[in-house]
Amino acid sequence: MFGLVDCNNFFASCERVFRPDLAHKPIVVLSNNDGCVIARSNEAKALNIPMGAPAYQYKEVFDKYNVTLFSCNFALYGDLSNRIMNILRTHCFRMEQYSIDEAFLDFSGCKIEGVGLKIKTQVLKWTGVPVSVGFAPTKTLAKLANRIAKKFPKETEGVYVIDSQEKLIKALKWLKIEDVWGIGRKSSNKLRALNITKAYDFTLLEDNWIKANMSVVGLRIKQELLGKSVLDFQELEPRKNISVTRTFDKNYTKFEELRERIANFAANCSEKLRNQHSCCHSVLVFINTNYHRKELDQYNQSIIVNIPFETNSTIEIVHHALVGLKRIFKSGFEYKRAGVILMNFSPDTSQQLSLFGGRNIKHISLMKTVDKINASLGNQKLRLGVQDTNRIWKMKQEKLSPNYTTNIADIITIKAKS
DNA sequence: TCTGGGGTCCTAGGACCC
DNA sequence: TCTGGGGTCCTAGGACCC
């Protein structure tokens, strides 16, 4: 049996942990620069505020129904996520953290009676975050069971098990095709055109058709839906790409402005890269104008710069990112978005020597020291001069909540009455 | 005025090898 | 008129996830 534990409306629930006055009230969490809606409480969903909605288009709804807005606070969500994952780990002998707010738990050969409710109760009591639990013989069905638990909290108490043929058929006939894990918009549109509207209909399709139209990915989904497990637990492996990309709060026109941002993105990437003990061989830089503003001149360009050696030095990676930026930058455009992606990784223990001069070995210890100092004195205390020493930009975060659990200054004060 | 960010996997086709 | 057969590796783009 696979278990899937998934937090309900995770970001919104995190904000509510320290704001009990907001229980049963509509909450919305916004993306960077307070741009889009990225999480909603059930009450906000009931107001038909869609996922990804631009905040400015829903201002009236927010005002009218007294929706509480939050700027995204990833320090808070990350910390609560860690706490929840630590709890989940104690309930099974193997676990795969699938995202910031959900995990697959291995219950093969175990009794699961009462386990779901126990997990749910404990996580809520210890962290304040509500979760739903699904059990089933495959990962895809565990996702489905979880969805049922979430959709019918009263009937299921937030826990649902698919453990019989009757329950399986019933669930498959209930699940809409576009809600099947692994079937996205493109495929579900195609399937709906053929009058395949439920997961059950999909399981009746011929393998040949699925293979031709949806490749082996589609075939796997069919197997999984029928109860044959083909997706196993995945080991935690280092990332194969690391990126930092941003939409800006305003347009940039000058090379120097973009240089500062790109240098910063590349530096942040490098730090993440060292964190997972990798080196990279290539860095991709892209710059975009605002595609929502069709009346403006558009220019979108990216470039991959291959570094002739492998490195995780901020100095070397920033240098090559800026070489790339210089090549693709064109003046006369208003830039709204840009980013840096590191690719082509190898472990930082191996050393491929270069025929024509390799990485600067001195940087290895230098970066170690920089990381150490930044870890103790706060992020980005030590930076390159080309980074934003003057900080020309500021992220719009008007509704940012305190870092209740990660900053000693933000711990809440409780007044007790006798 | 305003419009998110960070990932993975698969496939087809090109370029190359003997 | 007619033009082999069996491989590998790499990349761009598509589709999907949270």
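From a predicted model like this one, the values you see are computed outputs, not experimental measurements. Each chain gets a letter, A, B and so on, in the order its sequence line appears, and its residues count up from 1.
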Report which part of the nucleic acid A:K143 touches: base, sugar-phosphate, or nothing (heavy-atom distance under 4.0 Å, all strands). sugar-phosphate
Given side chains that start at C-beta, do those of A:T406 and A:L76 come closer than 4.5 Å, heavy atoms only? no
How long is the straight-line distance from CZ of A:F107 back to CZ of A:R94, given to the nearest 0.5 Å? 12.5 Å
Under 4.0 Å from a heavy atom of chain A: give me the 5'-most and 3'-most nucleotides of DNA chain C that qualify. C:dA15 to C:dC18
Could you tell me whether A:K167 sits above the aromatic face of A:Y160, with NZ or CZ closer than 6.0 angstrom to the six-membered ring centre and within 45 degrees of the axis? yes
Is the distance between the ring centroids of A:F329 and A:Y335 under 6.0 Å? yes
Do any of residues 207-225 of chain A sit with a heavy atom less than 4.0 Å from DNA chain B, and if so which? A:S215, A:V216, A:V217, A:R220
Less than 4.5 Å apart, any side-chain heavy atom of A:L231 and any of A:Q223? no
Out of the candidates A:L205, A:T197, A:N213, only one should pair with A:L191 under the side-chain contact (heavy atoms from CB on, under 4.5 Å) rule; please name it. A:L205
By nearest nucleotide on DNA chain B, pick out whichever of A:N32 and A:P238 is the more 5' one. A:N32
Touch check for A:E102, heavy atoms < 4.0 angstrom, all strands: base, sugar-phosphate only, or nothing? sugar-phosphate
Which of residues 312-333 of chain A have a heavy atom under 4.0 Å from DNA chain B? none
Tell me what A:F10 touches on the nucleic acid: a base, only sugar-phosphate, or nothing, going by heavy atoms under 4.0 Å. nothing
Assess the residue pair A:K120 and A:E157 against the criterion (salt bridge (charged side-chain N to carboxylate O under 4.0 Å, His left out)); give the C-alpha distance rounded to whole Å, side-chain angles, the decisive distance to 0.1 Å, and a yes or no. CA-CA 9 Å; A:K120 188 194 113 170; A:E157 291 188 272; 5.8 Å; no
Give one of base, sugar-phosphate or nothing for A:I183, where a contact means two heavy atoms less than 4.0 Å apart. sugar-phosphate
Decide yes or no for A:L88 and A:V123: does some side-chain heavy atom of the first lie under 4.5 Å from some side-chain heavy atom of the second? yes
Across the strands shown, which category fits A:V37 at heavy-atom distances under 4.0 angstrom: base, sugar-phosphate, nothing? nothing
May I have the step-by-step check of salt bridge (charged side-chain N to carboxylate O under 4.0 Å, His left out) for A:K139 and A:E96, ending in yes or no? CA-CA 11 Å; A:K139 277 183 160 182; A:E96 176 194 338; 2.7 Å; yes
Regarding A:K336, tell me which of base, sugar-phosphate or nothing describes its non-hydrogen contacts under 4.0 Å with the strands shown. sugar-phosphate
Identify whether any heavy atom of A:N33 sits under 4.0 Å from a base atom; if not, whether one sits that close to sugar-phosphate; answer base, sugar-phosphate or nothing. nothing
Would you call the rings of A:Y252 and A:F248 parallel, tilted or perpendicular, where under 30° means parallel and over 60° means perpendicular? tilted
Looking at every strand, decide which applies to A:I341 at a 4.0 Å heavy-atom threshold: base, sugar-phosphate, or nothing. nothing
Report the relative orientation of the aromatic rings in A:F233 and A:F2; use parallel for angles under 30°, tilted for 30 to 60°, perpendicular for over 60°. parallel
